[in-house]
Amino acid sequence: MIRKLTVLFVILVVLLVGCAQDPTESDEYTQLEEELAATEAMLAETEELRAAITAETRPVQEEWFAAWNASDGDAVLSLMASGGRHYCPATGTQGVSGGDLAAFVEEGWEMTAADIVSATRTQNPGDSAATGDDYVVVTEFTLNGHPGYLSILHLRGLEGSLRVLDHHAYPPSPRF
């Protein structure tokens with residue numbers, strides 16, 4: 001019994017001594033505060049970069065959707081990079097480009113309520129000789145009155161002259 005009381009007394013003393021110190025004055029607390037400040041600075045920098053990328057890619061995304069909504073196949077082709085293709089369930093796995101794409105656009109696909117979900121700059125590992133920038137822009141939109149579609153534009157080029165390398169459009173996924 002004395003042994004149990006001694007153990008309890010030791011635990012009580014340790015707890016009282018530990019609680020008597022101000023935890024904000026510990027080295028560990030100071031280190032955590034510094035790490036938090038560094039993380040917050042990185043987050044702010046990331047948000048600024050995201051906003052800049054979105055601002056740079058938004059005009060191309062808006063022109064792309066406007067050309068589709070106007071059923072203007074030639075305008076869509078003018079926004080495409082050489083060899084660019086469009087893929088969606090209606091075009092099959094091979095997608096379409098050139099005259100086939102222009103004719104497909106002219107069928108009247110209306111993409112409205114477009115909202116950029118994500119825009120990011122990409123670079124292949126070891127690709128130090130890039131001749132321009134690569135971006136991936138994900139947009140949620142409504143297709144012919146049906147919401148929930150996703151558009152993924154792969155853009156390539158220099159600032160102010162970005163072109164659509166490929167475009168993938170996906171129908172809404174079923175909700176479980």
### Query
Should V136 and Y170 be regarded as members of a common hydrophobic cluster, given that ILVMFWY residues are connected when their side-chain heavy atoms come within less than 4.5 Å of each other, either directly or indirectly?
yes
### Sequence-distant partners of A114, side chain to side chain contact (heavy atoms under 4.5 Å, CB included), two or more places apart
Q61, F65, T139, F141
### Query
Considering all heavy atoms of both residues, which atom of L165 and which atom of S82 are nearest to each other, and what is their separation?
CD1-O, 4.4 Å
### Query
Who are the side chain to side chain donor-acceptor pair (under 3.5 Å) partners of R163, not counting sequence neighbours?
none
#### Entry: Distance-minimising heavy-atom pair for W64 and L153
NE1-CD2, 3.6 Å
### Nearest-0.5 Å distance that lies between atom CZ in R85 and atom CD in Q94
7.0 Å
### D115 side, atom CG; S151 side, atom OG - distance, nearest 0.5 Å
12.0 Å
### Query
How long is the gap from OG1 on T120 to CG on L49, to the nearest 0.5 Å?
7.5 Å
#### Entry: With E47 via salt bridge (charged side-chain N to carboxylate O under 4.0 Å, His left out) - residues at least two apart
R50
## Note on the structure
For G98 and L77 the tightest heavy-atom approach is O-CD2, 3.4 Å
### Summary
Of all heavy-atom pairs linking P171 and P89, the shortest is CD-CG, 3.7 Å
### Query
Just wondering, more than 12 heavy atoms not from E35 lying within 6.0 Å of its CD?
yes
### All ring-ring contact (aromatic ring centres under 6.0 Å, His included) counterparts of H86, not counting sequence neighbours
W68, F104, H167
### Message
Looking at D134 and R156, is any side-chain nitrogen of the basic one under 4.0 Å from a carboxylate oxygen of the acidic one?
### Response
yes
### Query
Roughly how far, to the nearest 0.5 Å, is the CD atom of E56 from the CG atom of L155?
9.5 Å
#### Entry: Rounded distance [0.5 Å steps], OH in Y87 versus CD1 in I152
13.0 Å
### Task
Answer with yes or no whether the hydrophobic clustering places W109 together with V76; edges join I, L, V, M, F, W, Y residues whose side-chain heavy atoms lie under 4.5 Å apart.
yes
### Task
Mind checking the OH-OG spacing from Y149 to S173? Nearest 0.5 Å is all I need.
11.5 Å
### Task
Decide whether V60 and V117 are clustered together by the hydrophobic rule: side chain heavy atoms of Ile, Leu, Val, Met, Phe, Trp, Tyr closer than 4.5 Å, transitively.
no
## Note on the structure
Looking only at heavy atoms, the pair that brings T142 and A113 closest together is OG1-CB, 3.8 Å
### Task
Check whether more than 12 heavy atoms from other residues, nucleotides or ligands sit under 6.0 Å from atom CD of E28, and answer yes or no.
no
### Message
Using a 3.5 Å distance criterion without hydrogens, assess whether the side chain of T57 forms a donor-acceptor pair with backbone atoms of I53.
### Response
yes
### Task
Search all heavy atoms of G145 against all heavy atoms of P147 and return the closest pair with its distance.
O-CD, 3.5 Å
### Message
Going by the rule side chain to side chain contact (heavy atoms under 4.5 Å, CB included), which residues pair with D72 if we only count those two or more places apart in sequence or in a different chain?
### Response
A70, D74, A75
### Message
Quick check on the hydrophobic clustering: are M80 and V105 connected, directly or via other members, by side-chain heavy-atom contacts under 4.5 Å?
### Response
yes
### Message
Could you see if L143 belongs to whatever hydrophobic cluster contains V96? Use Ile, Leu, Val, Met, Phe, Trp, Tyr and a side-chain cutoff under 4.5 Å.
### Response
yes
### Message
Holding to side chain to side chain contact (heavy atoms under 4.5 Å, CB included), I want the full list of residues that pass it with E110, two or more places apart in sequence or in another chain.
### Response
N69, T112, N144
